[in-house]
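The structure appears right after this line, and notes come after that.
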2 protein chains.
Amino acid sequence: MKRAGLQRGVGVALWRQIADGIRQGIASGLADQDGRLPPENQLAERFGVNRHTVRAAISALAHEGVLQSEQGRGTYVRRQKRLVYPIGERTRFSAGLGGQARETRSEMTSHAREPASEPVASALGLQPGETLIRIENRGTADGMPVSRSTSWFSAERFPAIPEAYARTGSITEALIECGVEDYRRASTRVEARHADEVDTRELKLAPGAIILITHALNTDLDGQPIQYSMTRFAADRVELVVESSRSAATGDQTRPA
Amino acid sequence: MKRAGLQRGVGVALWRQIADGIRQGIASGLADQDGRLPPENQLAERFGVNRHTVRAAISALAHEGVLQSEQGRGTYVRRQKRLVYPIGERTRFSAGLGGQARETRSEMTSHAREPASEPVASALGLQPGETLIRIENRGTADGMPVSRSTSWFSAERFPAIPEAYARTGSITEALIECGVEDYRRASTRVEARHADEVDTRELKLAPGAIILITHALNTDLDGQPIQYSMTRFAADRVELVVESSRSAATGDQTRPA
DNA sequence: CCAAGTTGTATATTGATCTAGACAAGTAGA
DNA sequence: TCTACTTGTCTAGATCAATATACAACTTGG
């Protein structure tokens, strides 16, 4: 068996394509039960390249923390499954990942006041130029960065939200302190892009990695928009699950080949 | 202004990063009102590279159909906006893209009977090994391929569905003929990956392009699963919008910078 | 027509990527 | 211990990617 879908001369080095291939392959049983990868020679044959090219890929993944090579023994997998991030009416960060990691955290990295740009204002039902509070946030699971989000709130309605968020470590808690008992996700738009330099740094991504981007609008129970946020997820560590509200579906956690 | 987020020595050629950068930049006003790109020298300076490197990027995008260069005049943009594909309880292909393109089509490329794999069976609430009908499909908008989907149906319940689909050109119509008056989307899982060789060919993608993948389960009005499908979207031509069921949100079509 | 600005082509040089082959160094099992 | 298998290192050459420089070909506006 040769050439598992590699493309030459397209601006992406073979070793990088192979690295991506191995990373994906791990999810679908490339490694054996002990987490041991096939030997380099075998991988080289499977991908139809020289062993050194495979070594470059493995080296990149090792540097990235996915693999670990041991001379004479083999190459072993370190991390495994992607986290499942549910999107629905009651989407919340920590609750969503609950149980899938030993420890999930959501921490504010910075906040600022700024005038509303046109699209954000329109989403929040405000006038462009009205003052907003912008909160930058990073979500981690077991110490590994998972997402990076930017949220906007009306500065008039929620002047104290950065302080409350910093203190409680939870948007939900902070909103309660600001008088919002509960809220719901009104809409979510999903797109995918290559990670830029900042993403790569902040999310500890492999260069050329993919990010999933959600643009979300949260409203209070009266349907009044209160939070607009854009979240960037590391696509190789997270997948999004959209839940329709009326019923939890039967088999939606499974993944077909 | 220099270096708009390029990374060297990471296995992705600069010209490809620049091509991706230009493609994105087009969406946010890189070209002027006539669709004319800044001259190559200016782009080279902005990206902090040699003019030839920019030319390689432009050449790739031209080959891809996004740009068109004219000697002495400049380089012009051909395609523009991404289609918006709504995901909600009543997700249907043609209806979803309605109005955004002159002509949308959904055509069956092949179909077959096969035993149910474990995950598909579990999603559909069947036993692994039961016979399924698999339908491969391609969605196009104005002749440009947009999505590629694989759907599975119970062969026992819907023996005539390939024939009905081929005749009507619509899953919804075909299901009506098979006795399903209406159906709803129970769950959707979204992930993102690099396009593989087949995607690149079938969707006419640029090498290294991104695809959005949805795994969806449709049920009839009794909640009985009837269709499981996996759809691959060209991420640079489509974005997904998740609609919560109770209300259509106010500003969810807008896109913040 | 002319000048300025643009894309197209050519050549040369340097570094990154990929291949090829050989052997060293470590591990595990017979 | 010995052998088979694995990862690690080294050298050499071929091809791709990026830079640098120069000039040709074409378009537009004066």
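Here the structure is a predicted model, which is why all the values come from computation and not from measurement. Below, chain A is the first sequence line, B the second, and so on; all start at residue 1.
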I need the [atom1]-[atom2] distance between [X] and [N], as an integer number of Å.
X	N	atom1	atom2	answer
B/Arg55	C/dT9	CZ	P	7 Å
B/Gln68	C/dT7	CD	P	13 Å
B/Gln42	C/dT6	CD	P	7 Å

### Query
chain B on DNA chain D: first and last contacting nucleotide, 5' to 3', under 4.0 Å to a heavy atom?
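Taking any atom under 4.0 Å from a heavy atom of chain B, the span is D/dA17 to D/dT28.
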### Query
Does A/Arg36 have any salt bridge (charged side-chain N to carboxylate O under 4.0 Å, His left out) partners at least two apart in sequence or in another chain, and if so, which?
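Listed in chain order: nothing, the list is empty.
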[X]: what forms a side chain to side chain contact (heavy atoms under 4.5 Å, CB included) with it, not counting sequence neighbours?
X	value
B/Ala31	B/Leu37, B/Val77
A/Thr53	A/Leu14, A/Trp15, A/Ile18, A/Val49, A/Asn50
B/His63	none
B/Thr109	B/Glu136, B/Arg138

### Message
What's the angle between the local helix axes at either end of the helix from C/dC1-D/dG30 to C/dA30-D/dT1, using five pairs per end and rounding to 10 degrees?
### Response
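About 30° separates the two local helix axes.
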Who passes side chain to side chain donor-acceptor pair (under 3.5 Å) against [X], sequence neighbours left out?
X	result
B/Gln42	none
A/Asn137	A/Ser106, A/Tyr165
B/Arg73	B/Glu70, B/Tyr76
B/Ser151	B/Gln227

### Task
Begin from the C-alpha positions of A/Arg193 and A/Ile213 and carry the test side-chain contact (heavy atoms from CB on, under 4.5 Å) through to its verdict.
CA-CA 8 Å; A/Arg193 290 213 293 247; A/Ile213 305 178; 3.7 Å; yes
### Message
Strictly under 4.0 angstrom, non-hydrogen atoms only: write out the protein contact profile of nucleotides 18-30 of chain C, one letter per nucleotide from the 5' end, B, S or -.
### Response
SBBB---BBSS--
